[in-house]
Amino acid sequence: MANHLGSCLCGIVNFEIQGDFDSFYLCHCHYCQKDTGTSHAANLFSHSATLVWRSGEEAVTSFTLKGSRHNKSFCKVCGSALPCTVIKEVLVVPAGCLDTPISIVPTARIFASRKGVWDKELISVPTFDGLPE
């Protein structure tokens, strides 16, 4: 069983995930584009892992889009995406909020037909290890 540590950008919220992830989806749906501001959300899913808030649980809030199952939990102070516990049967953890490395690779891209037009030919875009000069 794996343990993973995570936090928000401002550091107020810290948490631990006790257990393994079942899947890792890159979701290109319109809702995920809106709430991440980019082409996809990168979320880990677990039906058995446990979330333990180490600090800042009072700074965590959630938003559920009316008429959908789309939910996002985030820090009230800095807006960072955080684990979602609103859906009782599954823990959803944004991959980018983890501070420890994960060994699971993405299981699949979902809603790929809805990818942003800027995300169609990324292989041809120049790549830099840091900010270009």
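Bear in mind the structure is a predicted one, so any value in this text is a computation, not a measurement. Both backbone and side-chain heavy atoms feed into the values below; hydrogens, waters and symmetry mates do not.
- Side-chain contact between Lys72 and Cys84 is absent, with no heavy-atom pair separated by less than 4.5 Å.
- A distance of 10.0 Å separates OG in Ser55 from CD in Glu57, rounded to the nearest 0.5 Å.
- Phe74 CZ: more than 12 foreign heavy atoms inside a 6.0 Å radius.
- Of the inter-residue distances, the one linking Glu16 atom CD with Leu98 atom CG reads 11.5 Å to the nearest 0.5 angstrom.
- For the atom pair CZ (Arg109) and NZ (Lys115), the distance works out to 5.0 Å, reported to the nearest 0.5 Å.
- Linking Ile, Leu, Val, Met, Phe, Trp and Tyr whenever their side-chain heavy atoms come within less than 4.5 Å puts Ile104 and Leu91 in one cluster.
- A pairwise comparison of heavy atoms in Thr36 and His40 identifies OG1-O, 3.7 Å as the closest pair.
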Trace of the side-chain contact (heavy atoms from CB on, under 4.5 Å) decision for Arg54 with Leu5: CA-CA 9 Å; Arg54 299 174 102 196; Leu5 300 176; 3.2 Å; yes
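- One distance of note links CG of Leu44 with CD1 of Ile17; it measures 9.0 Å at 0.5 Å rounding.
- The backbone N or O of Ser7 lies less than 3.5 Å from no partner atom in the side chain of Asn14, so there is not a single donor-acceptor pair.
- Checking side-chain atoms of His47 against main-chain N and O of Glu89 turns up a donor-acceptor pair under 3.5 Å.
- A distance-only check finds no donor-acceptor pair linking the side chain of Thr61 to the backbone of Lys76 [under 3.5 Å].
- Closest approach of Asn71 to Ser62, counting heavy atoms only: ND2-CB, 4.0 Å.
- To the nearest 0.5 angstrom, Asp20 atom CG is 6.5 Å from His4 atom NE2.
- To the nearest 0.5 Å, atom OG of residue Ser39 and atom CG of residue Leu26 are 9.5 Å apart.
- Closest of all the heavy-atom pairs between Cys78 and Cys10 is SG-N, 3.5 Å.
- Using cut-offs of 30° and 60° for the angle between ring planes, the His70 and Tyr31 rings count as tilted.
- Residues Phe21 and Phe24 share a single hydrophobic cluster, defined by chaining ILVMFWY side chains whose heavy atoms lie under 4.5 Å apart.
- For the pairing with Cys97, the side chain to side chain contact (heavy atoms under 4.5 Å, CB included) check across Ser80, Pro83, Ser73 returns one residue only, Pro83.
- The cluster map of Ile, Leu, Val, Met, Phe, Trp and Tyr, joined by side-chain heavy atoms under 4.5 Å apart, puts Phe111 and Val92 in the same cluster.
- Criterion: ILVMFWY side-chain heavy atoms under 4.5 Å apart, direct or through other members. Under it, Val90 and Val60 are not part of a common hydrophobic cluster.
- One hydrophobic cluster, built from ILVMFWY side chains closer than 4.5 Å, holds both Leu82 and Ile12.
- Using a 4.5 Å heavy-atom threshold, the side chains of Tyr25 and Asn43 count as separate.
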